[in-house]
Amino acid sequence: MFRRIDRKTTLNDACDVTFVWEGVTLIGKAGDTVAAALLAAGVNHTRAHPVTGEPRTAYCMMGVCFECLVAIDGIPNRQACQTRLRDGMRVDLQRGARK
Ligand code: FES
């Protein structure tokens with residue numbers, strides 16, 4: 001389980017970013033990548049392996065492994081670790097193999 005390092009600033013609430021994961025509204029922080037926001041929110045399954053069906057999620061967090069693929073605003077095959085979180089962003093499970 002991941003958790004944030006608490007920075008103890010009074011500006012934390014101003015840095016909140018609201019996004020939707022699989023129809024559920026979650027809160028991330030400004031500057032987060034999508035992968036970081038999902039892990040901090042306790043989401044540990046962002047796609048299924050296309051052959052075995054095993055749950056997968058972000059691994060390297062630097063754009064190398066492609067384990068973090070998700071659909072963002074309806075567009076599949078987006079690397080969550082390489083995409084900055086935006087307010088109102090809709091993020092869904094990656095379904096099927098990437099193309
Ligand atoms: S976590 Fe490895 S490419 Fe995104």
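Counting convention: from 1, in listed order, for ligands and their atoms alike.
Applying the salt bridge (Lys or Arg N to Asp or Glu O under 4.0 Å) test to residues at least two apart or on different chains, the pairs with a partner in residues 77-88 are Asp73-Arg86.
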Show the numbers, then the answer: is there a side-chain contact (heavy atoms from CB on, under 4.5 Å) between Met89 and Val34?
CA-CA 9 Å; Met89 184 179 260; Val34 172; 3.6 Å; yes
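Excluding water, every protein N/O/S atom under 2.8 Å from atom 4 (Fe) of ligand 1 is given here by residue and atom: Cys68 SG, Cys81 SG.
Between Ile72 and Thr83 there is a side-chain heavy-atom pair separated by less than 4.5 Å. A 4.5 Å side-chain heavy-atom check between His45 and Leu38 finds every atom pair outside the cut-off.
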List the atom pairs, with distances to 0.1 Å, where a side-chain N or O of residues 59-71 and a protein N or O form a donor-acceptor pair under 3.5 Å, not counting sequence neighbours.
| from | atom 1 | to | atom 2 | distance (Å) |
| --- | --- | --- | --- | --- |
| Glu67 | OE1 | Arg47 | NH2 | 2.6 |
| Glu67 | OE1 | Arg56 | NE | 3.1 |
| Glu67 | OE2 | Arg56 | NH2 | 2.7 |

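Residues meeting the side chain to side chain contact (heavy atoms under 4.5 Å, CB included) test with Gln82, sequence neighbours left out: Gln79.
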